[in-house]
Each structure stands twice: as structure tokens, then as C-alpha cells.
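Okay, so here's the structure we're looking at.
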Amino acid sequence: MASACPPTATTQPTVPSGPAIFKTVPYAFILPEILCGTWVWILVAATSVSLPLQQGWVMYVSITSCLISLLLLLSYIFGFHRNSNNWKVLDSLYHGATAILYMSAAVLQANATIASEFENGFPLYYYQLNCAASFFAFITTFLYILHAFSIYYQ
């Protein structure tokens with residue numbers, strides 16, 4: 001007599017909604033991404049933008065990604081995803097692409113920081129603000145990379 005194994009339920013990880021997103025690993029990165037990206041924008045805006053082409057790209061990437069991440073956060077909080085797996089793909093693609101864009105912005109901000117070190121006529125605190133903006137740009141890049149890969153490996 002062969003014993004039948006009980007059927008196993010295949011459970012797919014669900015996309016959280018409401019306050020539960022702040023407790024789930026990949027989605028908990030959204031708020032720090034928004035906060036660190038906002039710091040990048042504020043710190044670059046506080047300097048006299050000496051290299052407008054480079055720091056303009058930094059401002060564009062930080063503002064755009066902050067707004068889109070905020071919309072994504074609100075959609076998770078209000079449950080617009082309706083637990084669809086397509087949202088995981090969208091989230092992973094968005095965070096992967098944004099990580100690449102933020103890496104380019106962080107490198108350009110670091111270059112602007114190096115250039116601002118040797119500029120005469122600007123106060124020292126502009127250099128310090130650029131250093132802080134570079135630091136937060138690389139931290140934000142790291143957060144976006146963590147988010148993209150943790151969804152991919154979930």
C-alpha cells in the first residue's frame with residue numbers, strides 16, 4: 001500500500017501593502033532611498049553649482065528618482081499592486097535602472113567635488129557640501145542596488 005503525500009501548497013512571496021512594507025526587506029529600502037536622495041538634492045542645491053552640466057544631471061537623477069520612488073511607496077502603502085507579480089518585475093527593473101543612473105550621478109558629483117576643491121573664490125563649505133552630496137549619492141546608489149538584487153533573489 002503506497003501512501004500518498006499530501007499536496008503541497010506553492011506559496012509565492014506576496015507583495016506587502018500598508019505599513020507592512022516597512023518590515024519587509026526589499027521594500028523597506030524605499031524610504032531610506034527617498035531620504036538619502038533628497039539629501040543629495042538639497043546638498044547640491046545648497047552649493048553654487050560650479051559645473052552645471054555635471055551637477056544638473058545629479059539634480060535631475062535625484063529629483064526624478066525621489067519622485068518616482070515616492071509614487072512607488074504610496075502605491076505599496078495603498079495597495080494598488082493587488083499582490084500582482086508584475087509589480088515585482090516593475091520594481092526590480094525600476095530599481096536596477098535607477099541604480100545605474102545614480103551611479104553615473106554619484107561619479108559626476110564626485111568629479112564636481114574634486115573640481116570644487118581647487119576653485120578659488122568659493123568658500124570651503126561649498127567643498128564640504130559637495131563632499132556630503134557625493135557621500136549620500138554613493139549611499140543612495142548602494143541602497144538602489146540592494147533593493148534591485150533583493151527583489152531579484154526573493
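In terms of modelled atom types and a separation under 3.5 Å, the side chain of Ser69 and the main chain of Cys66 share no donor-acceptor contact. Between the side chain of His147 and the backbone N or O of Phe29, no donor-acceptor pair lies under 3.5 Å. In this structure a side-chain-to-backbone donor-acceptor pair under 3.5 Å is present from Ser62 to Met59.
A continuous path of Ile, Leu, Val, Met, Phe, Trp and Tyr side chains, each step under 4.5 Å between heavy atoms, connects Leu72 with Ile68, placing both in one hydrophobic cluster.
Heavy-atom minimum distance, Ile34 versus Thr38: O-OG1, 2.6 Å. Annotation for Glu33 and Leu143: closest pair OE2-O, 3.4 Å, computed over non-hydrogen atoms. Nearest heavy-atom pair across Ile139 and Cys36 is CG2-SG, 3.9 Å. When every heavy atom of Thr141 is checked against every heavy atom of Ala137, the shortest pair comes out as OG1-O, 2.8 Å. When all heavy atoms are compared, the tightest approach of Val49 to Pro52 is CG1-CA, 3.7 Å.
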All N/O donor-acceptor pairs, side-chain side in residues 98-108, below 3.5 Å, sequence neighbours left out:
{"from": "Thr98", "atom 1": "OG1", "to": "Tyr94", "atom 2": "O", "distance (Å)": "2.7"}
{"from": "Ser104", "atom 1": "OG", "to": "Trp57", "atom 2": "NE1", "distance (Å)": "3.1"}
{"from": "Ser104", "atom 1": "OG", "to": "Leu101", "atom 2": "O", "distance (Å)": "2.6"}

Run Ser134 and Thr113 through side-chain hydrogen bond (donor to acceptor under 3.5 Å, both in side chains) and show every step you take.
CA-CA 7 Å; Ser134 297; Thr113 302; 2.8 Å; yes
Quick one, Gln55 with Asn130, criterion side-chain hydrogen bond (donor to acceptor under 3.5 Å, both in side chains). Give me CA distance, side-chain angles, the key distance, then yes/no.
CA-CA 10 Å; Gln55 290 182 308; Asn130 280 324; 3.0 Å; yes
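Within a 6.0 Å sphere centred on CH2 of Trp39, heavy atoms belonging to other residues, nucleotides or ligands number 12 at most. Counting heavy atoms of neighbouring residues, nucleotides and ligands inside a 6.0 Å radius, atom CZ of Phe22 exceeds 12 of them.
Counting heavy atoms from C-beta on, the side chains of Trp87 and Ser75 come closer than 4.5 Å. Inter-residue side-chain proximity for Ile30 and Ile21 is flagged as unmet; no heavy-atom pair is nearer than 4.5 Å. The shortest distance between side-chain heavy atoms of Ser116 and Tyr126 does not fall below 4.5 Å. Within the 4.5 Å cutoff, side-chain heavy atoms of Gln54 are placed close to those of Asn111.
In this structure Tyr76 satisfies the side chain to side chain donor-acceptor pair (under 3.5 Å) test together with Asp91, sequence neighbours excluded.
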